[in-house]
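The next block holds one structure in the form of structure tokens; read it before the comments.
A note on names: the letters A, B, ... follow the listed sequences, proteins ahead of strands, and every chain is numbered from 1. Given the structure is predicted, the values throughout are model-derived calculations rather than measurements.
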Amino acid sequence: MTDTHAAQTTAFAPDPERASDEPALIVDVEGFEGPLDLLLRLAREQKVDLAKISILALADQYLAFIEEARRLRLELAADYLVMAAWLAYLKSRLLLPEPPGAIGESAADLANALALRLKRLEAIRTAAKRLTERPQLGRDVFERGEPEPINEIKRPQWSATLYDLLTAYANERQKHALARVRLTSRKVWSLAEARATLERLLQMATDWTAIDQYLIAYVVEPSMRSSVLASSLAATLEMAREGQLEIHQDAAFAPVYVRRRSEPGSGGATS
Amino acid sequence: MSSLAEELTHTEEEVVADARPEELRLLEALLFAAGEPLDEKTLAARLPSGTDVRAALRRLQTEYAPRGVNLVRVGNKWTFRTANDLAWLLTHEAIQPKKLSRAALETLAIVAYHQPVTRAEIEEIRGVTAAKGTLDVLLEVGWIRPRGRRKAPGRPITYATNEAFLSHFGLETLLDLPGLDELKGAGLFDGTLPAGFSVPAPSDDPALREDEDPLEEGDLDIGLAPRPTLED
Amino acid sequence: MSSLAEELTHTEEEVVADARPEELRLLEALLFAAGEPLDEKTLAARLPSGTDVRAALRRLQTEYAPRGVNLVRVGNKWTFRTANDLAWLLTHEAIQPKKLSRAALETLAIVAYHQPVTRAEIEEIRGVTAAKGTLDVLLEVGWIRPRGRRKAPGRPITYATNEAFLSHFGLETLLDLPGLDELKGAGLFDGTLPAGFSVPAPSDDPALREDEDPLEEGDLDIGLAPRPTLED
């Protein structure tokens, strides 16, 4: 509850004979906010203006209070005891004549400084009191009870450059331009289809003809090209084996030429 | 101070600011501080007895009517509210920079080059079957629009880019989109393209193609559509 | 709107409703709606450019002064509050305030009147050596903040009040602290205080004094500190 409630003791240590289990009676000092507060309280009891207070009398009262507290074995915080020591010193200075040629502050200066400290604490207390007497928010004055919040609309600002766009497009097309060959090759032109087509085509062509030409004329979808080529080549080989047509190729990977075999059984394949 | 009832029957000229009845001060403080609208009974209980709450509320309402804050009745309760015409004031637009996902960017690019294009066609080109989400993103971003329906089984919606798209990418027309040669020239293609590979030249012509039907009523309400405000 | 409304918005300046500038409507809407004080910069950003915000605020303040709700300045921010004399009316809105101990209150007053001030200086004034606990309480309540380090042995932290303090006690600036003149006049801040401690007036001027260093990184992490939302 107070700052001063510290269980320290110093030079004014309690009677060592005191039983350790004897409770410390600290109730009386708990009401004070430190030695200055105690001094202020005592000063007020003198019922005089702080400016006219007798520091000597005040010191006596303070020391008497401390003596009483010690007699009652009250446990006093160090702050009180330090002040007691200082007041005892001040009192002795005030009672003795100032030694001639003394250096440092006179006893009167010290007493004045103490009086000033008391006045200052008193003043700050008055200020604190006046501060708390002001209208306080939530106690005396109130903010809007039902504020209407600002609606924050987060408007996304999309950042994409033309370069991003074109790069994305090119990457995408390039990737799938290759992938598509694989993908669509699954959509095969079956051997049966190839053979039926070839048979129809060969009705029309009696001379050597590049197989591609037939097929390109027939298959417009360029992605089907490899499937068409593969199937038709297989069909061609099959038909050649059956003796229905002849195949001719000048070199590896060169165009494959076929023609209807005029005389069944005499055909051969060059490859 | 004259009673409120009397005062209200007075001609306006006689009412001066100094004569403003104390109960109006009390009322405005009560209503201001309250965390919720208050009904007349509650107000009456807090005001000095004998106050004509109804009359005071009416007068306060009249006072505040031309102001930025109005006294309004909500059900049988009263509260201060920002004037209706100032709703915009309480709206704050925060610009939030965002990057398009790669998928969205790719889809956008395909819509740009291949428009009008259906979702199935986009998926075919991209080789993935998840175009719906990215189309929705692009519709929300406001760079594409549904423009018609393909005359084909299922009558799928065709998509195209819009003005906002051109504007964002600094294009005057879609013809400004670089063609294959330019893309190659820019090093965007690495040259190993299959024969017959082509990049379409999209057109800005808003007229529907032969294989397109117009959008039907309701097509724009099915969540596919952009907010009407985003497109300008 | 009826002429009654005009009549009622009369102020001592003989302003009729029609002549009331629109920016006053906007200002009152903004300030009414906000749950917290707004600074002039924020207000200016929401108002039409070129608005003399300061002048409009002053005029609004005058308009509302006789009302149950007043426009008040807190630091460099503005907010509507119920009038000071109406606490009796609003008891049901009152929240149980955090009860500060006498020690904490005294410490708060010392920080307020003597700022910037170190813990040792507080202890010197109060004559007790246990200011840490009460400083922690005040930091937690959120009315004071560490603001720098005194250029002195041990480089102790200096404390000051913050905007929440001004707001809570309804002070426009620290110069409105009650009894400040008397305290200064009594010369109580002179003489026995350490050099650099006696100050002409408490100041929350964010600029550090000659005898202060800035807080260092980490100073704000030691549990003493409020969130680093220092004043702006």
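- Atom OG1 of residue T129(C) and atom CG of residue D79(A) lie 3.5 Å apart, to the nearest 0.5 angstrom.
- Closest approach of E124(C) and L36(A) over heavy atoms only: O-CD1, 4.2 Å.
- Looking at heavy atoms from C-beta onward, E143(A) lies in side-chain contact with P37(C) at the 4.5 angstrom threshold.
- A donor-acceptor pair under 3.5 Å is absent between the side-chain atoms of D140(A) and the main chain of N84(C), judged by distance alone.
- P135(A) has its side chain out of reach of D85(C): every pair of non-hydrogen atoms, C-beta onward, lies at least 4.5 Å apart.
- No part of A104(C) comes within reach of chain A, as not one of its non-hydrogen atoms sits under 4.5 angstrom from that chain.
- For the atom pair R126(C) CZ and D37(A) CG, the distance stands at 8.0 Å (nearest 0.5 Å).
- Only the side chain of R134(A) comes within less than 4.5 Å of a heavy atom of chain C; its backbone N, CA, C and O stay farther away.
- The CG atom of L121(A) sits 7.0 Å away from atom CD1 of I110(C), with the distance rounded to the nearest 0.5 Å.
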**Report entry** Stepwise side-chain contact (heavy atoms from CB on, under 4.5 Å) check, R144(A) with F80(C)
**Finding:** CA-CA 7 Å; R144(A) 178 96 186 266; F80(C) 276 114; over 6 Å; no
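- Expressed to the nearest 0.5 Å, how far CG of L177(C) lies from CZ of R130(A) amounts to 10.5 Å.
- In this structure, the portions of S167(C) lying under 4.5 Å from any heavy atom of chain A include both its backbone and its side chain.
- Contact tally against chain C (heavy-atom pairs below 4.5 Å) for M83(A), R139(A), R125(A): the top residue is R125(A).
- Within the 4.5 Å cutoff, the side chain of V141(A) has no heavy atoms near those of the E93(C) side chain.
- Using a distance-only test at 3.5 Å, with no hydrogens or angles considered, a donor-acceptor pair links the side chain of T82(C) to the main chain of F142(A).
- Counting all heavy atoms, side chain and backbone alike, F169(C) lies closest to L131(A) at CD2-O, 3.5 Å.
- Closest non-hydrogen pair, A128(A) versus A109(C), comes out as CB-CB, 3.6 Å.
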